[in-house]
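These notes are about the structure you will find just below.
For the numbers below, each heavy atom of this structure counts, side chains included, while hydrogens, waters and symmetry mates do not. Counting begins at 1 with the first residue of the sequence. Owing to the predicted nature of the structure, the values given are computational and were not obtained by experimental measurement.
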Amino acid sequence: MATDATGREPKYQRIAKALKAEIQSGVLEPGCRLPGENDLMAQYGVARMTVRQALGVLQSEGLTEARKGVGVFVRAFQPLRRRGIPRLVREQWGSGRSVWDADLGDRDLVVDQVEVGEGAASENAARVLGFGAGERAWVRSRRFVLDGKPVLLSTSYLPASLVEGSPITEPDTGPGGIYARLADLGHGPVHFREEIRSRMPLPEEAAKLSLPAGTPVMLICRTAFAEEGRVVEVNEMVLDAAAYVLEYAFDA
């Protein structure tokens, strides 16, 4: 925990903690407007900059969002719990269900932007796929919108020589998605690896995900392996960090 020169927690952190407690307890409900800067200055006897630092903490944690000219509000969107292991088991996509079905419950998911075409893989994907010079991929780029909120940008790269002429090259891949179609081709995934890191979004990512200023993104790179270790897909994802809880549950 950060402390000032006297060893005490900074005032802005104490204010942020108090407001966070009100949000988590339900005193400040989703969609509720937080007290204005002047009110917080008077309540806590602090300068405007201190109040803005406190509000910045809440915004950076994804708890609030600023609406220009209106105020700061408790974020109404509830984070999605992404169950990293159940969503990828064969019985999920192998039975024609989307991998998202393990996460959604009764929430509304829409893929509102889909681009599919043959082209170059990203530098990272080409390396993981083991591509030689000039080797081409089929590229599938999608934006996922949950409950009206853009939450994920996803780009899959698959070897063109493997998927050419299959439904994977169409916008709608059919029941079970990419992995079910790979299985139809005799190259169904038998192993997955996900690498996760975080950073601040690029301007294009912030625009596509409608991110409030100061909101970081999580990057997930998933590699799908078929038999004998062949890489059949690299999926590079950009997630609104405030929109997700990543859950990994497994036996010891």
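Salt-bridge check for Arg193 with Glu195: passed, with a basic side-chain N closer than 4.0 Å to an acidic carboxylate O. A salt bridge links Glu37 and Arg52; the closest N-O separation between the charged side-chain nitrogens and carboxylate oxygens is under 4.0 Å. Using a cut-off of 4.0 Å between Lys/Arg side-chain N and Asp/Glu carboxylate O, Lys17 and Glu9 are scored as salt-bridged.
Listed here is the closest heavy atom pair of Ala54 and Ala16: O-CB, 3.7 Å. Summarising the geometry of Ala137 relative to Ala121, their closest heavy-atom pair is CB-CB, 4.2 Å, with the distance given to 0.1 Å. Residues Ala224 and Tyr179 approach most closely at CB-CE2, 4.0 Å, considering heavy atoms. Between Leu158 and Val232, the shortest heavy-atom distance links the atoms CD2-O, 3.4 Å. Residues Ala120 and Val139 approach most closely at O-CG2, 4.0 Å, considering heavy atoms. Closest heavy-atom contact between Gly174 and Asp172: N-OD1, 2.9 Å.
Within a 6.0 Å radius of CE in Met200, other residues, nucleotides and ligands contribute more than 12 heavy atoms. Other residues, nucleotides and ligands contribute more than 12 heavy atoms inside 6.0 Å of the CD atom of Gln113. Heavy-atom contacts from other residues, nucleotides or ligands closer than 6.0 Å to CD of Glu135 number more than 12. Other residues, nucleotides and ligands contribute more than 12 heavy atoms inside 6.0 Å of the CD atom of Glu164.
Under a 3.5 Å cut-off, the side chain of Arg142 and the backbone N or O of Asp112 do not form any donor-acceptor pair. Arg197 places no side-chain N or O within 3.5 Å of a backbone atom of Met218 that could act as its donor or acceptor partner. At distances below 3.5 Å, at least one donor-acceptor pair connects side-chain atoms of Arg33 with backbone N or O atoms of Val70. Of the possible polar contacts, none joining the Thr50 side chain to the Val46 backbone as a donor-acceptor pair under 3.5 Å is found.
In this structure, the side chains of Leu162 and His187 come closer than 4.5 Å at one or more pairs of heavy atoms. Side-chain contact between Gln59 and Glu65 is absent, with no heavy-atom pair separated by less than 4.5 Å. Leu239 has its side chain out of reach of Leu219: every pair of non-hydrogen atoms, C-beta onward, lies at least 4.5 Å apart. Inter-residue side-chain proximity for Val111 and Arg143 is flagged as unmet; no heavy-atom pair is nearer than 4.5 Å. Looking at Leu109 and Val145, their side chains never come closer than 4.5 Å, going by heavy atoms from C-beta outward. Looking at heavy atoms from C-beta onward, Leu202 lies out of side-chain contact with Val217 at the 4.5 angstrom threshold. The side-chain heavy atoms of Leu58 and Val72, taken from C-beta on, include no pair separated by under 4.5 Å. Contact check for Leu55 versus Thr64: no side-chain heavy atoms found under the 4.5 Å cut-off.
In this view, Arg181 and Asp184 satisfy the side-chain hydrogen bond (donor to acceptor under 3.5 Å, both in side chains) rule, not counting sequence neighbours. Listed by chain and number, the residues in a side-chain hydrogen bond (donor to acceptor under 3.5 Å, both in side chains) with Glu204 are Lys208 (sequence neighbours excluded).
Using a 3.5 Å distance cut-off with no hydrogens or angles, the side chains of Ser156 and Glu233 do pair a donor with an acceptor. At a cut-off of 3.5 Å, with distance as the only test, a side-chain donor of Glu236 or Ser122 sits close to an acceptor on the other residue. Looking at Arg140 and Asn235, their side chains never bring a donor and an acceptor atom within 3.5 Å of each other.
Remark: Glu22 CD to Leu28 CG distance equals 4.5 Å, nearest 0.5 Å. We find the OH-CD distance between Tyr248 and Glu194 to be 4.0 Å, quoted to the nearest 0.5 Å.
Linking ILVMFWY side-chain heavy atoms closer than 4.5 Å, directly or via other members, places Leu88 and Val190 in two distinct hydrophobic clusters.
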Using atom types as modelled, flag every donor-acceptor pair under 3.5 Å from a side chain in residues 146-153 to any protein atom, sequence neighbours excluded.
residue, atom, partner, partner atom, Å
Asp147, OD1, Asp108, N, 3.1
Asp147, OD2, Arg107, NE, 2.7
Asp147, OD2, Arg107, NH2, 2.9
Lys149, NZ, Leu209, O, 3.0
Lys149, NZ, Asp240, OD2, 3.0

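For the pair Arg67 and Phe73, the distance from NZ or CZ to the six-membered ring centre is under 6.0 Å and the angle to the ring normal is within 45 degrees.
Note: Tyr12 and Tyr44 fail the aromatic proximity criterion, with ring centroids not under 6.0 Å apart.
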